[in-house]
Amino acid sequence: MRQQIRERVDAHPVVTFFLLTYAISWIAWIGPVLELSEPIGTLGFVVGGYGPFLAALVVTWLGSDSVRAWAHQIVDWRVAPRWYIAALTIPLLVIVLTSVGLTAVGRSVDPGVLPGRFSLVLVSFVTIALIGGGNEEPGWRGLALPKLQEQYAPVPATVILGVVWALWHLPLLATGTTEFHGLASFVELAPTTAVRILNIVGVAFILTWIYNETGSVLLATLAHTGFNTANSTLVPLPLDVIGAGDSTTILVITTVAIFLRGENPAVYGGSESDNSLTVHRRHSDWIFSANPTH
């Protein structure tokens, strides 16, 4: 029986991972979606966020891959310092571009509110790394991305992963300030939801670039955490405006900024690490050819 399971997982690791991730997370998120009493709601939210991590662990354990090797890349810190700088500053650059965009469309930004948020940024970064986004990376970039790149070039692999990753968030839209209330509400929020999907796909391209250049899930985790932290605390607007359900303008401009920033990394080749994810040097190969090393 164990051998049959292993063969099936090895034959379809990505599909198995995606299905298991959705099952774990969406079942766990029933609590917050139905507004169940605490601590069930909060516990469900936290457990659901670990869906990609748990699914990757199960798929790796059931399959033929080494759990130790998978875990090693999660904490692999031996990367050139410039990549730490890139992982932490690219989200800041996106916020700068967002601020410029907000000014261009007539929104009044106030950089003076940022110095008072220093402690909030630190707390948010640690919290997000543990339960608010960074904890997803052992699954998305730690398993799904390298497996997809065994069959596809980085660009189509990233599009597939980005869309699946984005749609995974859908139950969360049924809670909080963007809550759906029937079909009319769903139709009204559809454009914003579409922009959110584009936003996440754009971030996925930047994270693919960082992962392929370093082979480190830790760096992707730092960048993912940086994006979530910057978007929630560093936009130079009042916090209630940033978190408001009608902050579509901010979302659209941030998405444009992400794609502007991600345009160049999305076609870079080469890898600093000696892991198996060697990316083609030629740009055309990087975009259109599957990795020949697999």
Side-chain angles (χ1 to χ4, degrees), residues 1-25 28 46-84 86-88 125-126 128-152 154 157-158 160-161 164-165 168 204 206-226 270-279 290-294:
M1 175 66 72
R2 175 65 187 273
Q3 184 60 32
Q4 291 178 336
I5 294 175
R6 172 171 291 183
E7 290 175 356
R8 292 189 178 185
V9 171
D10 286 343
H12 307 286
V14 177
V15 173
T16 304
F17 166 74
F18 285 158
L19 291 176
L20 192 56
T21 296
Y22 271 61
I24 294 172
S25 297
V46 173
V47 172
Y50 275 92
F53 177 96
L54 296 173
L57 176 61
V58 171
V59 169
T60 304
W61 178 69
L62 289 177
S64 299
D65 291 336
S66 167
V67 173
R68 177 174 295 183
W70 170 75
H72 174 73
Q73 65 174 341
I74 298 173
V75 295
D76 185 9
W77 58 270
R78 294 170 296 180
V79 179
R82 67 177 179 273
W83 288 107
Y84 284 93
L88 295 173
F125 189 90
V126 173
I128 289 170
L130 295 176
I131 62 172
N135 52 313
E136 304 166 17
E137 288 307 311
W140 302 128
R141 254 58 58 175
L143 186 141
L145 180 61
K147 290 294 185 183
L148 283 168
Q149 289 186 133
E150 291 179 3
Q151 300 180 2
Y152 305 99
T158 302
I160 293 170
L161 178 57
V164 173
W165 180 28
W168 171 77
I206 296 177
L207 296 182
T208 291
W209 169 62
I210 290 174
Y211 177 81
N212 280 349
E213 292 288 343
T214 65
S216 173
V217 177
L218 176 62
L219 268 293
T221 298
L222 291 177
H224 186 165
T225 302
S271 176
E272 288 217 347
S273 66
D274 58 358
N275 64 80
S276 61
L277 260 179
T278 304
V279 181
N291 195 324
T293 64
H294 297 285

Closest non-hydrogen atoms of W168 and S25, given as atom of the first, atom of the second and distance, are NE1-OG, 2.9 Å
Which of L161, I210, T221 passes side chain to side chain contact (heavy atoms under 4.5 Å, CB included) with R141? Answer is L161
Review point. Any side-chain heavy-atom pair from P154 and W209 closer than 4.5 angstrom?
Key: no
dist K147:NZ -> Y152:OH (nearest 0.5 Å) comes out at 14.5 Å
Taken to the nearest 0.5 Å, the spacing of L207 CG from N212 CG works out to 11.0 Å
Residues E137 and V217: closest non-hydrogen pair is O-CG1, 3.6 Å
So CZ of F53 and CD1 of I24: to nearest 0.5 Å the spacing works out to 11.0 Å
Apply the test side-chain contact (heavy atoms from CB on, under 4.5 Å) to residues L218 and Y84: give CA-CA distance (whole Å), side-chain angles for both, the deciding distance (0.1 Å), then the verdict.
CA-CA 10 Å; L218 176 62; Y84 284 93; 4.0 Å; yes
For P13 and V59, the nearest pair of non-hydrogen atoms, with its separation, is O-CG1, 4.0 Å
Of all heavy-atom pairs linking W83 and L219, the shortest is O-CD1, 3.3 Å
Query raised in the report: For P146, does its backbone N or O pair with a side-chain atom of Y211 as donor and acceptor, under 3.5 Å?
Result: no
Is there a donor-acceptor contact under 3.5 Å from the side chain of N135 to the main chain of G133? yes
Q | W165 vs F17, ring-ring contact (aromatic ring centres under 6.0 Å, His included): CA-CA, chis, key distance, verdict | A | CA-CA 12 Å; W165 180 28; F17 166 74; over 10 Å; no
One should read off an interatomic distance between I206 CD1 and H224 NE2, to the nearest 0.5 angstrom, of 12.0 Å
Shortest non-hydrogen pair, W140 vs F18, comes out as CZ3-CE2, 4.0 Å
Output for pair (T208 OG1, E213 CD), nearest 0.5 Å, gives 11.5 Å
Tightest non-hydrogen contact, residues G49 and E136, listed as O-CG, 3.7 Å
Worksheet item: Does CZ belonging to R8 count more than 12 external heavy atoms closer than 6.0 Å?
Response: no
The reported gap from CG in L62 to CG in L57 (rounded to nearest 0.5 angstrom) is 9.0 Å
